[in-house]
Amino acid sequence: MNPNNNLRLNKQQMEAVAVTDGALLIIAGAGSGKTRTITCRIAAMLEEGILPSEILALTFTNKAAREMAHRVRGLTGKAAQELTLSTFHSFGAKLLRESIHHLGYKTNFSIYDTADAVSAIKEAARDLKYSRDAVDGYKLSQLFSGIKTGRLTWDRQNDQFRELYTEYQDYLKSRNAVDFDDLIILPKMILSSKPDVLKIYQKRYRYFMVDEFQDTSSNQYELIRLLAKKSGNICVVGDDDQSIYSWRGADFGNILRFEKDFPNSREIKLEQNYRSTRTILNAANSLIINNQNRKEKNLWTGSDAGSFIELHYPEDEDEEGILIAEMIKSLKIREKIRYSQVGVLVRANTQTRPLEAAFLAENIPVKVSGGTSFYQRKEVKDLTAYLKVFANPDDDVNFLRICNVPRRGIGRQTLLQIRAYGEEKNYSLYSSLAALCHAADSPFPERQKNDLIEFHSLMEELGGKMKSGKKMAKTVRELVDKTGYWPYLITEHPGNDRIARFKYSNIMSFIDQLESYEKDPDVMDPSLQGFLNRITLITRDDDADADSQDKINLMTIHSAKGLEFDIVFLPGVVEGIIPHARSLEEDSRNIEEERRLFYVAITRARKRLHICVPSRRRYLRDIMDCAPSPFLTELPEEVLQHNEGAEVVEKEEADHFFDAIKARFK
DNA sequence: GCATTCTGTATTTTT
DNA sequence: TACAGAATGC
């Protein structure tokens, strides 16, 4: 490693880098150079001669994993391909691909995302002959997830769904499918019940690192503890003040458990903030101090006070959008900021709409992360479903999704018969269909049979090609072509071929992604499964080249964790949004988590922070008045500047500027 | 089997 | 508001 890299570390950071053996707990405040510290630490370990293949580093999001891989590469000058750097979930998936047979699944299992799980629950309910309106698939999926992860227990209220829960579990297993929770739970089960298997992994991995440790669930913690207890070399990095995923089972009590489980662990606190101005840090500190349930820390900075935190009071959300758009434009003109250095952070995805509209109107390029992700779009999901059935023909949920999409004459009645046949013989739907194509006891007339045969041979032909792992993109193009997906899109959207074309372009970019996956030199052994793993676990569309473009970043606070921007805008800082009404309804103690969320939002800003407090907002159908967020009263008045009127760049100045830009690109 | 109309209801946050 | 799912009709 270049020794200069060490020079940029402070005393505590250096200490953290130097301690590579044993257990280490790093409490890293917001902006305290955490990522730099742990990437340096990995680099130092490699320098020491520790093999990259012995290191397992887990992060919370794919974005963070990629960022870290990128930085390690930058430090060591080498692509550390052997290094395992992934999210908990993709690590779990990887482990299961190797070892799931110990639990009686086949290695080509499907991974069900939330939507798939909801369908599976509905199917299970169907099998139990529940009436359709007795089940709210979405709510049940949350309940089942809670039960599975141990976050919830059966009580009087939900006890009626116990049977369905069991049925759902059986359904998954018989279809050779796992859900997101299983990606953590099943590896944990394997490792805790099969000592030989545990040994294999303990031998393979001897150094462990967990980023965003405050957001690990108890199952995730248990998983890593099993692996790490042999070597004892484990470093976890976290900040209890930034724990914002408790609704997903995150438990920063793991920080305390860690100290118990690894009694010789050392603790290092990183408390110097390098990111924000003194003003911003001051506000953040005075906010978070209102939380009772936290580890004491003292985050400080050597930087200047910087400018005030500005508050704005637009009439409603539309005006708020316009106001923000105009401020951004004005900054662009007056201070020549880069758009990519602006973050607009919202509490809920629904808030993005008026903002997007305003940015569009002002021609501000924007990168939205969140909302319906690319992979959730119907057309992309359809294609993915085909791929999943290719990989795992027992995957009934995905079979159901595509067996008549585009329409090919396999409708409700036909399906009913396929089902009946399958139940009798204990076949999956796809196998039943295959059997019924030629079976002597087939109940179908000739014409119908031909529809089935045609579908089946298409699937067999393309499935065979896909499984070879070669020319997959080409095969998918063929699939789109042969199924007539484009004409299907047109008939689905009569008189609106813009939508059809948009959807088709999504399909094309999906195929492009497959193609670049196939050609990616970092992917050692491209396969259909590998690609499916990747796309079901990457929910946010974070294509790499979008980063290089100069766009402002519009996203939820949750997904902004770990990021930083020179200028941050927080729209909709009103009661009911932050803290979110729903969250408090659930449990009034959630106020502390909401406060942490606001804390995370504030601490994303390096230089400037704009907080917007609209006086009215849309709620469902109607418009209602709203009060400023109570958290605002927890910020010290002396760092705030209230702006009653909007300061706008004169239109002429703006036009002139943008004409100049346009001229340059002509 | 398929297209149309109608109805309800809502998801706050993400792997 | 907007979307998904059900009911209805052809």
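The chains referred to below are lettered A, B, ... by the order of the sequence lines, with proteins before strands, and numbering in each begins at 1. No hydrogens, no waters, no symmetry mates; every other heavy atom, side chains included, goes into these values.
In summary, Arg347(A) and Glu594(A) engage in a salt bridge, as defined by a charged side-chain N under 4.0 Å from a carboxylate O.
Within the 4.0 Å cut-off from OP1 or OP2 of dG5(C), at least one side-chain nitrogen or oxygen of Lys122(A) is found. Distances shorter than 4.0 Å separate some side-chain N or O of Thr414(A) from OP1 or OP2 on dG1(B). Of the side-chain N and O atoms in Asn349(A), one or more sit less than 4.0 angstrom from OP1 or OP2 of dT13(B). The phosphate of dT12(B) has neither OP1 nor OP2 within less than 4.0 Å of any side-chain N or O from Arg248(A). Distances shown here put a side-chain N or O of Asn404(A) below 4.0 Å from the OP1 or OP2 atom of dC2(B). Contact annotation: Ser559(A) does not reach the phosphate of dT13(B) (side-chain N/O to OP1 or OP2, under 4.0 Å).
At whole-Å resolution of the value, CZ in Arg353(A) and C1' in dA10(B) are 12 Å apart. Atom CZ of Arg126(A) is separated from atom C1' of dG5(C) by 15 Å (rounded to the nearest Å). Taking atom CG of residue Leu415(A) and atom C1' of nucleotide dC2(B), one finds them 15 Å apart after rounding to whole Å. Nucleotide dT11(B) holds its P atom 14 Å from the CZ atom of Arg347(A), rounded to whole Å. Here the C1' atom of nucleotide dT12(B) and the CG atom of Leu345(A) are 15 Å apart, to the nearest Å. Rounding to whole angstrom units, CD of residue Glu594(A) and P of dT12(B) are separated by 12 Å. Rounded to an integer number of Å, the gap from CD of Glu593(A) to P of dT13(B) is 14 Å. Rounded to an integer number of Å, the gap from CG of Leu416(A) to C1' of dG1(B) is 13 Å.
Annotation: ring pair (Phe, Tyr, Trp, His ring centres under 6.0 Å) contacts of Phe399(A) (sequence neighbours excluded): none. Take Tyr171(A) and apply the ring pair (Phe, Tyr, Trp, His ring centres under 6.0 Å) test, not counting sequence neighbours, and it matches no residue. Taking the ring pair (Phe, Tyr, Trp, His ring centres under 6.0 Å) definition, one finds that Tyr517(A) meets it with Phe531(A), sequence neighbours left out. For Asp251(A), the side chain to side chain contact (heavy atoms under 4.5 Å, CB included) partners are Asn254(A), not counting sequence neighbours. Take Lys188(A) and apply the side-chain hydrogen bond (donor to acceptor under 3.5 Å, both in side chains) test, not counting sequence neighbours, and it matches Asn219(A). Evaluation of the ring pair (Phe, Tyr, Trp, His ring centres under 6.0 Å) rule for Tyr485(A) yields Tyr488(A) as partners, not counting sequence neighbours.
Comparing dA3(B), dT12(B), dT14(B) by their nearest atom to the side chain of Arg407(A) picks out dA3(B).
For DNA chain B, the neighbouring residues in residues 573-583 of chain A, judged by any heavy atom under 4.0 Å, are His580(A), Arg582(A), Ser583(A).
Consecutive Watson-Crick or G-U pairs involving DNA chain B, each under 3.5 Å on both distances, make up stems of three or more pairs at B:1-9 with C:2-10.
Of the two residues near DNA chain B, Asn590(A) and Thr87(A), the one whose nearest nucleotide lies more 5' is Asn590(A). Nucleotides of DNA chain B nearest to Phe60(A) and Arg408(A) differ in position, and the one nearer the 5' end is that of Arg408(A).
Thr59(A) and Asp211(A) are not linked by any side-chain donor-acceptor pair at a separation below 3.5 angstrom, with hydrogens and angles left out of the test.
Side-chain N or O atoms of Asp179(A) include one that pairs as donor or acceptor with a backbone N or O of Asp182(A) at under 3.5 Å.
Under the stacking definition used here (centres under 5.5 Å, planes under 30°), the residue Trp247(A) fails to qualify as stacked on the base of dT12(B).
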Hey, can you pull the donor-acceptor pairs under 3.5 Å for the side chains in residues 568-579 of chain A, sequence neighbours left out?
none

